[in-house]
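Here is the structure we will look at, set down as structure tokens.
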Amino acid sequence: MRVVEDLIEKAGGCAVVDGGLSTQLEKHGAQFNDSLWSAACLIQDPDLIKLVHMEYLEAGADILITSSYQASLPGFQSRGLSIEEGELLLKKSVELAVQARDKFWDAKKRISGHSYNRALVAASIGSYGAYLADGSEYSGCYGPSVGVEKLKDFHRRRLQVLVEAGPDLLAFETIPNKLEAQACVELLEEENIQIPSWICFSSVDGENAPSGENFKECLDIINTSDKVSVVGINCAPPHFVQGLVQKFKELTKKIIVVYPNSGEVWDGRAKRWLPSKCFDDEKFVSFAMRWRDAGAKLIGGCCRTTPSTIRALSKALKENAGP
Ligand SMILES: C[S+](C)CC[C@H](N)C(=O)O
Ligand SMILES: N[C@@H](CCS)C(=O)O
Ligand SMILES: [Zn+2]
């Protein structure tokens, strides 16, 4: 269970997570304008996913996040795929990242003096809100009919299939409320998962989970579980992150991961990014040094960040070794 700690140590105290997967797929021409969002690429162009994983490895990512964020069995079934076909696509999301990692590492390990680490593969488990495809991963409003059992039912089979495919860890992403954090923790226990997990929240006010629940309540639940090694924030604007790292440092002893978006805001109805306080790579990286100094041990980018963001981040972290 120490794969993450070992990676952080090898990386000199702070390891690099990759950047926006969907963003980079779109840069290559993929179009995601429906409820499967980037998971559509698993059906249409899996080779492109592998290419983007390779681009993030070249850029210096120590952790690849798989293309399963919005991939779900009910989502695939709504496209007319069978359960078996859906399970094969979930498995494929892990295989694509593992193949990219192995190919990249086989080539690099022969070269003396390179500065790469053998990357880890984190299987993405997007929130229930991601599956709903209505932007509710940024509101946490699942309505009164959604309880902890329903959330566990939604996540259970996908989690089993992803774990069977052999990732190094699990990455729960954009969790927007306490209920779903509890469902994740209970599920990891019930399924007796033996690889480490991270649980990341989104935030839209820089203080609380999107639901308005405070992070103390959310982290108190996660702190009870030794199946969760890492907690953090993803797909929130960069200007919230330093304060949130400081807050998380007070609320948990777990490793802290942050991979914010570029600061643009998702319009769930129009399915597009609205420009807001947008960070370019240079500003993103200068902020990232503060996140590192505040105690984040894993840093990367989420939506609207690209391999150029991750290249700049990796370079800066290597040049400015931490205090
Ligand atoms: C991280 S958000 C931009 C992913 C897309 C969202 N779940 C939707 O389908 O609208
Ligand atoms: N891992 C996903 C997160 C979306 S918020 C992606 O990068 O597309
Ligand atoms: Zn994102």
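Worth knowing before you read on, the calculation uses all heavy atoms, side chains too, and leaves out hydrogens, waters and symmetry mates. Atoms within each ligand, like the ligands themselves, are counted from 1 in listed order.
Nearest protein heavy-atom neighbour of atom 7 (O) of ligand 2: Leu21 N, 2.9 Å. Of the protein's heavy atoms, Cys302 SG, 3.5 Å lies nearest to atom 5 (S) of ligand 2. Scanning the protein for heavy atoms near atom 6 (C) of ligand 1, the closest one is Glu137 OE2, 3.4 Å. Scanning the protein heavy atoms around atom 1 (C) of ligand 1, the nearest turns out to be Tyr138 OH, 3.1 Å. At the shortest separation from atom 9 (O) of ligand 1 among protein heavy atoms lies Gln70 NE2, 2.8 Å. Closest protein heavy atom to atom 1 (N) of ligand 2: Glu173 OE1, 3.0 Å.
With respect to the salt-bridge test (charged N to carboxylate O, under 4.0 angstrom), the residues Glu95 and Lys92 do not qualify. Note on Glu213 versus Lys178: no salt bridge recorded, every NZ/NE/NH1/NH2 to OD/OE distance being 4.0 Å or above. A salt bridge links Glu207 and Lys247; the closest N-O separation between the charged side-chain nitrogens and carboxylate oxygens is under 4.0 Å. Ion pair Asp220/Lys216 flagged as a salt bridge, since at least one NZ, NE, NH1 or NH2 atom sits closer than 4.0 Å to an Asp/Glu carboxylate oxygen.
Of all the heavy atoms of Phe32, none lies under 4.0 Å from any atom of ligand 1, so neither backbone nor side chain is involved. Heavy atoms of Glu137 found under 4.0 angstrom from ligand 2: none, in either backbone or side chain. Counting heavy atoms under 4.0 Å from ligand 2, residue Ser38 does not touch it at all. Both the backbone and the side chain of Ser22 come within contact range of ligand 2, each with a heavy atom under 4.0 Å.
Considering the Zn ion (ligand 3) as centre, the angle to SG of Cys303 and to SG of Cys235 is 110° (10° rounding).
In this structure, Ala130 is part of the shell of residues with a heavy atom less than 4.0 angstrom from ligand 1.
Interface atoms of ligand 1 facing Trp273, defined by a heavy-atom separation under 4.0 Å, are 3 (C). Atoms of ligand 2 lying under 4.0 Å from any heavy atom of Gly20, numbered from 1 in the order shown and given with element: 7 (O). Distances below 4.0 Å separate heavy atoms of Lys271 from the following atoms of ligand 1: 8 (C), 9 (O), 10 (O). Atoms of ligand 2 found under 4.0 Å from any heavy atom of Cys303 (numbered from 1 in listed order, with element): 4 (C), 5 (S). Every atom of ligand 2 with a heavy atom of Cys235 under 4.0 Å away is listed here by number and element: 5 (S).
The side chain to side chain contact (heavy atoms under 4.5 Å, CB included) test with Val257 singles out one residue from Val17, Val231, Ile233, and that residue is Val17.
For the atom pair CH2 of Trp291 and CG of Leu244, the computed distance is 11.0 Å after rounding to the nearest 0.5 Å. Rounding to the nearest 0.5 Å places SG of Cys200 at 4.0 Å from OH of Tyr259.
Cluster membership check: Leu21 shares its hydrophobic cluster with Phe76, using side-chain heavy-atom separations under 4.5 Å among Ile, Leu, Val, Met, Phe, Trp and Tyr.
Taking distance alone, with nitrogen or oxygen atoms compared against 3.5 Å, Trp266 approaches ligand 1 more closely than that limit.
Residues Ser203 and Pro237 come closest through the heavy atom pair O-CD, 3.7 Å.
Using bins of under 30°, 30° to 60° and over 60° for the plane-to-plane angle, the ring pair Phe279/His239 lands in the parallel bin.
A cation-pi arrangement is present between Arg290 and Phe287 under the rule of less than 6.0 angstrom and at most 45 degrees off the ring axis.
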